[in-house]
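Note that the numbering runs from 1 along the sequence shown for the chain.
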Amino acid sequence: VTTRTAGFNSIDQGAMTGASKMMSMILMFIGASSASNGGGIKTTTFALLLLTVFSAIRGKSDLNIGRRRISVQQASRAFVLASLCLILVIAGTMMLLISQSAVGTTVSIEDAMFECFSAFGTVGLTTGITPELNTFSRFVVMFLMFAGRVGPLTLMMAIAEKHGAKKTSFRLPEEQILIG
């Protein structure tokens, strides 16, 4: 429950094993349920990602849950959202590691990732490195908190509307590419 944006630090996060930290990061990345105040990609987005993967493995073209079909556009949006969020957290981790090493304070990649996933999920957990972060690193963490709460898809849609995504009256021919 703590890693799902509860904000209560009931155990020492820095003393956890690597596997426990990794599981916590996954849960923080998934985050809360849709329409809640929590951050992360949301549980419904994660469920749609899993459904899409399982449907693709089974060779099905439709995404079905119960007696309903989910559009391919929604699955595509879910993958875009998860990809953007993962890129954002990885970039934040890189910036945190670089800025900390620039001032002579070394932070382990595990702790930096934990800090960034926690910030993105608006969880409030830390392995204890937060007081050691320099000003730039703190701004990185604040930006991740903001992005995790507002959501990259919302930001992306705002940018797309601003640039005026134009609809075309034609479609290009479809091409099949090798995957994997």
Separation between CZ of Phe143 and SG of Cys116, rounded to the nearest 0.5 Å
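The CZ atom of Phe143 sits 11.5 Å away from the SG atom of Cys116.
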Inter-residue atom distance Leu125.CG - Phe117.CZ, 0.5 Å rounding:
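So the CG of Leu125 and the CZ of Phe117 are separated by 13.5 Å.
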Do you reckon [X] sits in the same ILVMFWY cluster as [Y], going by side-chain contacts under 4.5 Å, direct or chained?
| X | Y | value |
| --- | --- | --- |
| Ile129 | Ile109 | no |
| Met145 | Phe136 | no |
| Phe120 | Met22 | yes |

Which pairs, with at least one residue in residues 82-107 and sequence neighbours excluded, count as a salt bridge (Lys or Arg N to Asp or Glu O under 4.0 Å)?
none
Does anything in residues 105-120 form a salt bridge (Lys or Arg N to Asp or Glu O under 4.0 Å)? List the pairs, not counting sequence neighbours.
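For residues 105-120, and leaving out neighbouring residues, the salt bridge (Lys or Arg N to Asp or Glu O under 4.0 Å) pairs sorted by first residue read Lys21-Glu110, Lys21-Asp111.
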For residues 52-62, tabulate all N or O donor-acceptor pairs below 3.5 Å that involve a side-chain atom, not counting sequence neighbours.
{"residue": "Thr52", "atom": "OG1", "partner": "Leu48", "partner atom": "O", "Å": "2.7"}
{"residue": "Ser55", "atom": "OG", "partner": "Leu51", "partner atom": "O", "Å": "3.0"}

With sequence neighbours excluded, residues passing side chain to side chain donor-acceptor pair (under 3.5 Å) with Ser99
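Scan of Ser99 (side chain to side chain donor-acceptor pair (under 3.5 Å), adjacent residues dropped) gives Ser137.
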Suppose we screen for side chain to side chain donor-acceptor pair (under 3.5 Å). Which residues come up paired with Thr17, at least two apart in sequence or across chains?
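With sequence neighbours excluded, Thr17 shows a side chain to side chain donor-acceptor pair (under 3.5 Å) to Ser20, given in chain and number order.
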Other members of the hydrophobic cluster containing Ile98, with the 4.5 Å side-chain heavy-atom rule, please.
Met94
Over all atoms of both residues, closest heavy-atom pair of [X] and [Y]:
| X | Y | result |
| --- | --- | --- |
| Val107 | Ala112 | CG1-N, 4.0 Å |
| Ser118 | Gly124 | OG-N, 3.4 Å |
| Gly39 | Thr122 | N-OG1, 2.9 Å |
| Met16 | Ser24 | CE-OG, 3.6 Å |

Just so I know, are the side chains of Ile41 and Leu49 near enough to count as touching, which here means a heavy-atom distance under 4.5 Å?
yes
side-chain contact (heavy atoms from CB on, under 4.5 Å) between Val72 and Leu63: does it pass, once the steps are laid out?
CA-CA 7 Å; Val72 175; Leu63 300 172; 5.7 Å; no
